[in-house]
Amino acid sequence: MSSSSTSPESALAESLRPRLHSSLQPLFNQSSPCLPALEKTCQKILSLTGGLTGADRLAQIISRDPALTCRVLQISNSIAYSPQQVITSVPHAVSWLGLDTVRSLVTASQLVEQLNEWPDRQQVVSGVIARALVAAVHANELGMALEYPSLSQLFSATLLYSIGDLAIANQSPELYQSFRRLPAQTPAARIVEETQLFGAPRLRIAQALAQMWALPPFLVELFSTEGLHPQERWGSGQDVFRGLVTGCSALIDAMTGPPSPATMEAAKRGLLTGTGLPSHMFGDILVRALDRGKQLVISAGLSFDLWEEPVRAEASCPIPAPPQKESTAVPTPPRKRGPAAIETNPLETLQTLQTALREAKDINTLLSTLVHALHRDGGFARVALALLNPNNTDHLVGRLLLGIDEPAPYLDSLSGSLTKDHPYFLQLMKRSDAIWIEDFTIPMPDPVRPAFLRTWNPGSAIIAPLRVGTRPIGMLYCDNGPIPRQVQQKDYHAFQLFFSQTTLSINRLAGVL
């Protein structure tokens, strides 16, 4: 790996060293005490993604480490990566997630552990690693959509595209933080700012490090082109490779840097034009990639902070109440209720529901219509809606509740992390059908949040996952009140009638059907 000061590989480093900021000049000393960990990590990423370690071998390595095992199983069972199945073994997780995702999780986790020895630089360097992981996931997701033939190389190259930032942040955290605070500018202006701050552009520093560490030529070449590519469709495979690596890295930098709508729009437009993907598909991929990237970062023990949420899905908007046919609002139900409309007049009740669903213009109104219908016409005493954060599907948020005078604590008990707070709801949301829980006092296969049980005190309930196509967006909860009130078989059948009609309408509105 090491090379003499007179070798061709070190020529660029030797030319840059005198011009660099004094705190960065040790970067190109072979004896520098700070860089061996980074150099070793870069080589490990390349060797692992190069196919030198098979899935079985990687699974064995992970299985020997309880902390890594927990992280891999956590990410594989998140809604972002595993919408319809429960993964209980490391080999299954490796095959499901893909080698690149698991390898990057392992290497990032190990690098984070090494950073514990340098707490003064831990936060800054961890941010660089997190951004690199999210950029790699974006490149991988877009690459799959384009059927790029070498996703492994694409993933690893996007990770390693950050080696200049990693080295600078590791060597001089304060200097790197000053760089991160610079306002967004044009590519040419940014190069001038980087040169004034560091003594050389970041890409030149990265290129010199790549040459010193004898990284493959395709990586060294990535750093040789400064500035953004023209806003045009990519042609050759090499154009796709370069465009995805640099474009996704630029997009994540724009997401996490000082707010600049123009910079964000330019990064998105460059990727959209370059890939040639339909805009709706491109938008869906960005939502999924950001979600998966965040879950990967969290599992590696890192945090990913945005200046603002760049993608706002429709399901994250406030849920409006549908127009009421009657002049009075739906009151809190009395303690004794007569037969539900679905029992006394099923045909007219379903026709009314179908009419309301056809009139709905968006998914939020459809969901609100369902909640009100279940409470008013389905006879359920308490009906609640909880939605996933579209940019972080590990986070469930209680949104709408009927049948309770003070809904705030009830909605709060529904909210939280699926992996940490609601593992039972997490598994239920991977199902495609509603489940009737006949007795909450019987121990469940996965833990139920104590705060939920204390607040709701349910005897039995119906919980149903909400999906747009195969994508989970939230869940419904219905019961007939606290213990000893129970949900009956007839209630479950009534729920299925309301739920199936709404599911069809949601998928038609979303263009799935």
Side-chain angles (χ1 to χ4, degrees), residues 37 40-116 126 129-130 132-134 136-137 139-141 143-144 150-156 158-159 288-289 291-304 392-394 417-431 444-447 470 472:
K40 182 178 179 182
T41 300
C42 291
Q43 290 296 332
K44 181 180 291 187
I45 290 172
L46 284 171
S47 65
L48 287 174
T49 55
L52 301 180
T53 303
D56 293 340
R57 176 61 178 159
L58 183 59
Q60 291 173 4
I61 294 172
I62 295 170
S63 298
R64 297 192 194 107
D65 188 323
L68 276 179
T69 297
C70 181
R71 289 173 179 173
V72 170
L73 291 178
Q74 176 185 334
I75 187 68
S76 62
N77 281 293
S78 68
I79 288 292
Y81 283 91
S82 177
Q84 289 184 301
Q85 56 184 300
V86 179
I87 295 175
T88 59
S89 69
V90 172
H92 188 188
V94 172
S95 64
W96 177 257
L97 293 174
L99 290 179
D100 296 319
T101 299
V102 178
R103 288 162 176 165
S104 63
L105 176 60
V106 171
T107 51
S109 299
Q110 291 175 343
L111 188 53
V112 170
E113 290 177 3
Q114 294 171 358
L115 288 172
N116 291 329
S126 295
I129 299 170
L133 284 171
V134 177
V137 173
N140 193 71
E141 294 290 329
M144 283 194 293
S150 183
L151 292 175
S152 177
Q153 185 186 70
L154 181 63
F155 195 98
S156 62
T158 310
L159 273 178
R288 181 172 65 248
D291 184 25
R292 288 186 167 185
K294 280 186 175 180
Q295 304 313 318
L296 184 59
V297 165
I298 292 170
S299 297
L302 301 166
S303 62
F304 181 73
N392 182 1
T393 53
D394 185 55
S417 165
L418 287 172
T419 53
K420 296 179 181 178
D421 301 321
H422 293 298
Y424 185 57
F425 290 167
L426 172 62
Q427 301 311 323
L428 292 184
M429 289 180 63
K430 294 180 182 179
R431 300 169 60 99
M444 303 296 177
D446 294 283
T470 60

Going from CZ on Arg71 to CD1 on Ile62, what distance comes out if it is rounded to the nearest 0.5 angstrom?
-> 11.5 Å

Nearest atoms (heavy-atom pairs only) where Ile75 meets Leu296 = CD1-N, 3.3 Å

Look at the side chain of Asn140 and the backbone N and O of Ala136, then say whether any donor-acceptor pair between them is shorter than 3.5 Å.
-> no

With sequence neighbours excluded, tell me which residues meet side chain to side chain contact (heavy atoms under 4.5 Å, CB included) with Ala132.
-> Leu159, Ser162

Rounded to the nearest 0.5 Å, what separation is found between the CD1 atom of Ile79 and the OG1 atom of Thr419?
-> 10.5 Å

From CA spacing to verdict: side chain to side chain donor-acceptor pair (under 3.5 Å), Asp394, Ser78 = CA-CA 7 Å; Asp394 185 55; Ser78 68; over 6 Å; no

Got a second to check how far Asn392's CG is from Gln295's CD, nearest 0.5 Å?
-> 4.5 Å

Grab the two heavy atoms, one from Thr158 and one from Ala139, that are nearest each other, plus how far apart they are.
-> OG1-CB, 3.4 Å

Any idea which heavy atoms bring Tyr424 and Pro445 closest together, and the distance?
-> CE1-CD, 4.1 Å

Which word best sums up how the rings of Trp96 and His92 line up, parallel for under 30°, tilted for 30 to 60°, or perpendicular for over 60°?
-> perpendicular

Check Ala80 against Asp291 and note the closest heavy-atom contact, atom names and distance.
-> CB-OD2, 3.4 Å

Considering all heavy atoms, the nearest Gln74-Ile298 contact = NE2-CG2, 4.2 Å

For Ala93 and Leu73, work out which heavy atoms get closest and say how close.
-> CB-CD2, 4.3 Å

Could you tell me the separation between the OG atom of Ser156 and the CG atom of Leu151, rounded to the nearest 0.5 Å?
-> 10.5 Å

side-chain contact (heavy atoms from CB on, under 4.5 Å) between Leu97 and Ile87, intermediate numbers included = CA-CA 10 Å; Leu97 293 174; Ile87 295 175; over 6 Å; no

Would Thr101 and Tyr81 count as a side-chain contact (heavy atoms from CB on, under 4.5 Å) if you check the C-alpha gap in whole Å, the side-chain angles of each, and the deciding distance to 0.1 Å?
-> CA-CA 11 Å; Thr101 299; Tyr81 283 91; 4.3 Å; yes

Spacing of Leu418 atom CG and Met429 atom CE [to the nearest 0.5 Å] | 5.5 Å

About how many Å separate CZ of Arg288 and CE of Met144, when rounded to the nearest 0.5 Å?
-> 6.5 Å

